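The structure displayed is predicted, hence computed values, not measured ones.
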Amino acid sequence: MSINKSVLVINKKIIRIATIIDKFLRDKNKLLSITAIFVVTIMCLTVNAGQTNIVLTSESPDTTTDYILKSRPTKPQLGVNFIRFYMDNLPIGDPNLTTSYLQPEWIFSDFKNMGIHTYRQFVKADLLWDIIEPEDDQWHFDEADAVIPNLDFEPIVTLFAMQYASGTPPWETDSADFQKTLGDEAKEYLEKVIERYGRYVRYWELGNEMDHWRAYDPDQPPVTVPYPNLVVPPSGGFSPREQGLFLSQAAAFIKERDPDAVIVLPGMSGLNGYIINEWLKGVIEGGNGSDWFDVINYHYYPEWQSYINARVSLETFIDENNLENKAVWLTETGSTASETLTIRTDYPNSYESQAADIFRRIIPAYAMGDDLVMWHTYIDSIDSPTNNWRLYGVRSDQGVAHLSYYALQLFTKELLPFDKVETISSNPKGINAYKITTDAGAVRYVVWGEGDYQIPNGITQITSVIPNSNGAYIWENIQSNSISLTTEPFLLKPGQEEDINNPDDALCKSLSTSEVIIPQTPDDFDNIPVKVSSGSNTPVFPFFVKNSFMNMEITFPCYTQPVDTYIAVVFPDGTPYFLSKDGKLTLEFEPLSTNTTEAKNMSVKFTSLHKGDYVIYWASVPTNGGDIFSVNWGGYSELGYWIHSIK
């Protein structure tokens, strides 16, 4: 079938981008939503100019795939764990399709409010084998279909099983049928999920906490077996070396079908000697080296005071085994707000200590070199005395925000995305101080512990990371050269952010919200970045035709982060043009400025214009090198338009 591929691609992208914009306009009126969609439509139409027809066969991949992945954060640094899409307190029974805070739309909107980048362990909507294929050749994709292809947040899918992963199908019941390698059933399962979701998934975690197989190893001390009905391996257990062979086979199978896939090792359940020196080492040996995986993955739940020593033991192993080229992720860390749940932390625990741990756990991990940290968990499981994971969420099991929710918002707003995190001092019984430099060049300090801390030069404002009862933070001016520390961290920053690229040292604007601006009154025009005036010159002899003109004054402010800026003009006949860097109108898709934090000022004049309505659009978006289809809309944006008539 021969069709115009460019039209198909553009139409799909218009729909995709319209969906994105609708998310942050759901509380606006319909006019704003239609307007924002039309802004992107104009940009898409311009891209379409000059493209040629080609043949698109039914075997071709989804042409929106590249855009879907690029619209997500390019450098995921913070996420949340165990997302209860459609799931009540237990992952059994039919999906919950009615409770608002368990539905994908509500959750993804909340993710945007929190400012996170990624999510992991979403149970009913994940790619776990017993979810996808609970019985032989009975495939179930409904919940995953509604969650994984989202445009804004990166899913980290978990394969095989939440724990005790192997090549054994979930419907097997006999120990004799246990499969230690990647058999035909496991290959079929992987084939199905890669074919269906590979275009939407970058990160594939091969099982989770597989070091728990130690429970079935006769050569290891006996431990509690949490799943007594699990099909166990035959005598001899499922050793780390055997697991490594199985995992490397799964990795190779995925990579053959998706060469860009990022393979994540199963999250290690801790950082003790057995897990690092027996399990991790055995997995690498069983896999015949480390080339088959990309990310080392671990979990940490004990008190923050013991973290550094534990993390150093992993760093030592990495250095001794030449694994420096591997990324390191902390995909589960967190603490409870329950005073009575003391098996992992006992500060004593409280909602305040949990909010403090947002900073006390995540920042040291960044300083140790972890690229990604994920808080466990997002929404609480039931608050019951028998539940050993109660009150770990930043929201309650009824969806109500805890203090830690607002602490997470403060964290992402002030510290992310970060460029580097430096340890100034790390002492469980003394001063803990870290310097954070964001990608935009802003500098922040986070400090806690015991003793007096000397305020760095240029730092003038301070707030506790514990919000008030309304979830708000109050920044106060620092009155002395030092402060007395507490175990609850302080966040420090300069009093006024100055952009080094702004010659006037003016306070730069932040794209910290998403907004659509449509001037309604004359006063509104004073505050928009693109102003237009028009008129007519003396009639031209001998035809006595007036030469109409339009003056455009452009005054975009400086921004606190790099942005791309676009201006589009739609002529009365419907032809869309972009304003180029040299002040000319062009049919070629071109941003006015790319990857800049500088203020933008320009005056241009267009002559010989016809009478009619000219629609002027502008957009400032997080930079992506001038590719509107790769815009991270989750990073916020400003869109605007107005109609100018030449009479």
Side-chain angles (χ1 to χ4, degrees), residues 76-82 114-118 120-121 267-271 297-315 328-338 341-378 380 389 391-394 402-412 414-416 418 421-429 431-436 444-449 464-467 485-491:
Q77 294 179 331
L78 185 63
V80 287
N81 210 56
F82 206 82
M114 288 192 290
I116 66 164
H117 305 143
T118 185
R120 172 183 173 272
Q121 285 192 344
M268 297 182 289
S269 64
L271 293 176
N297 179 12
Y298 73 100
H299 303 160
Y300 185 81
Y301 287 105
E303 67 283 346
W304 66 265
Q305 290 92 335
S306 61
Y307 169 75
I308 295 297
N309 285 338
R311 180 61 174 80
V312 166
S313 65
L314 175 60
E315 196 66 23
V328 180
W329 289 359
L330 172 53
T331 55
E332 291 184 33
T333 190
S335 59
T336 180
S338 171
L341 181 57
T342 60
I343 59 176
R344 301 177 188 91
T345 59
D346 185 13
Y347 292 138
N349 304 321
S350 66
Y351 289 106
E352 289 77 12
S353 72
Q354 186 184 58
D357 266 0
I358 294 287
F359 288 77
R360 294 186 304 205
R361 290 175 174 272
I362 299 175
I363 289 176
Y366 288 155
M368 289 296 298
D370 294 357
D371 295 309
L372 170 66
V373 179
M374 306 192 73
W375 182 265
H376 187 94
T377 184
Y378 171 50
D380 285 338
W389 289 99
L391 298 188
Y392 269 81
V394 296
H402 295 321
L403 296 181
S404 54
Y405 177 90
Y406 301 107
L408 190 60
Q409 280 186 317
L410 178 71
F411 190 102
T412 60
E414 295 291 342
L415 305 182
L416 297 186
F418 72 86
V421 177
E422 302 168 83
T423 302
I424 299 172
S425 175
S426 174
N427 186 342
K429 297 182 179 180
I431 295 175
N432 297 271
Y434 295 87
K435 178 182 179 181
I436 300 94
R444 302 287 187 268
Y445 291 85
V446 176
V447 296
W448 73 90
S464 169
V465 304
I466 312 299
L485 299 182
T486 71
T487 56
E488 296 176 353
F490 292 110
L491 177 60

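A donor-acceptor contact closer than 3.5 angstrom is absent between the side chains of S353 and N349. Side chains of H299 and T333: no donor on one and acceptor on the other come within 3.5 Å. No hydrogens or angles considered: nothing links the side chains of S426 and Y307 as a donor-acceptor pair under 3.5 Å. D370 and Y298 form a side-chain donor-acceptor contact under 3.5 Å, judged by distance and modelled atom types alone.
Closest approach of V446 and P489 over heavy atoms only: CG1-CB, 4.0 Å. Closest heavy-atom contact between S313 and L271: OG-O, 3.8 Å. The shortest non-hydrogen separation linking L372 to G79 is CD1-N, 4.2 Å. Nearest heavy atoms, A365 versus L330: CB-CD2, 3.9 Å.
One N or O on the side chain of S425 and one on the backbone of I431 form a donor-acceptor pair closer than 3.5 Å.
With a 4.5 Å cut-off on side-chain heavy atoms, D371 and V328 do not count as touching. Here the side chains of V447 and L491 are not in contact, with every heavy-atom distance at 4.5 Å or above. Using a 4.5 Å heavy-atom cutoff, the side chains of W329 and V373 are not in contact. Counting only heavy atoms from C-beta outward, the side chains of Q121 and E332 approach each other to under 4.5 Å. Inter-residue side-chain proximity for V421 and M368 is flagged as unmet; no heavy-atom pair is nearer than 4.5 Å.
Evaluation of the ring-ring contact (aromatic ring centres under 6.0 Å, His included) rule for F490 yields no partner, not counting sequence neighbours. In this structure P428 satisfies the side chain to side chain contact (heavy atoms under 4.5 Å, CB included) test together with Q305, sequence neighbours excluded. Scored by the side-chain hydrogen bond (donor to acceptor under 3.5 Å, both in side chains) test, S404 finds Q354 as partners (sequence neighbours excluded). Under the ring-ring contact (aromatic ring centres under 6.0 Å, His included) criterion, H402 pairs with Y351, not counting sequence neighbours. Among residues two or more places apart in sequence or in another chain, the side-chain hydrogen bond (donor to acceptor under 3.5 Å, both in side chains) test is passed with E315 by R311. Qualifying side chain to side chain contact (heavy atoms under 4.5 Å, CB included) partners for N427, counting only residues two or more places apart in sequence or in other chains: K429.
Interatomic distance, CD1 of I358 versus CG of L78, reported as 8.0 Å (0.5 Å rounding). Taking CG of L410 as the start and CE of M114 as the end, the distance is 14.5 Å to the nearest 0.5 Å. Atom OH of Y366 and atom OG1 of T423 lie 14.0 Å apart (nearest 0.5 Å). Remark: N432 CG to L485 CG distance equals 8.5 Å, nearest 0.5 Å. Atom CZ of F411 and atom CD of Q77 lie 9.0 Å apart (nearest 0.5 Å). Atoms CD1 and CD, on I363 and E422 in that order, are 12.5 Å from each other to the nearest 0.5 Å.
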Worked check of ring-ring contact (aromatic ring centres under 6.0 Å, His included) between Y434 and W448: CA-CA 9 Å; Y434 295 87; W448 73 90; 5.7 Å; yes

Go through the steps for I436 and Y445 under the test side-chain contact (heavy atoms from CB on, under 4.5 Å), then give the verdict. CA-CA 6 Å; I436 300 94; Y445 291 85; over 6 Å; no

Which is it for S306 and Y300 under the side chain to side chain donor-acceptor pair (under 3.5 Å) test, yes or no, and what are the steps along the way? CA-CA 10 Å; S306 61; Y300 185 81; 2.4 Å; yes

Would N81 and T377 count as a side chain to side chain donor-acceptor pair (under 3.5 Å) if you check the C-alpha gap in whole Å, the side-chain angles of each, and the deciding distance to 0.1 Å? CA-CA 5 Å; N81 210 56; T377 184; 5.9 Å; no

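None of L391, L341, T345 except one satisfies the side chain to side chain contact (heavy atoms under 4.5 Å, CB included) rule with S335; the exception is T345. Applying the side chain to side chain contact (heavy atoms under 4.5 Å, CB included) test between F359 and each of L408, I466, L415 identifies L415 as the sole match.
Checked against the 6.0 Å centroid threshold, W389 and Y301 count as a close aromatic pair. Aromatic ring centroids of Y378 and F82 lie 6.0 Å or more apart.
With salt bridges taken as basic N to acidic carboxylate O contacts below 4.0 Å, none links R360 and E488.
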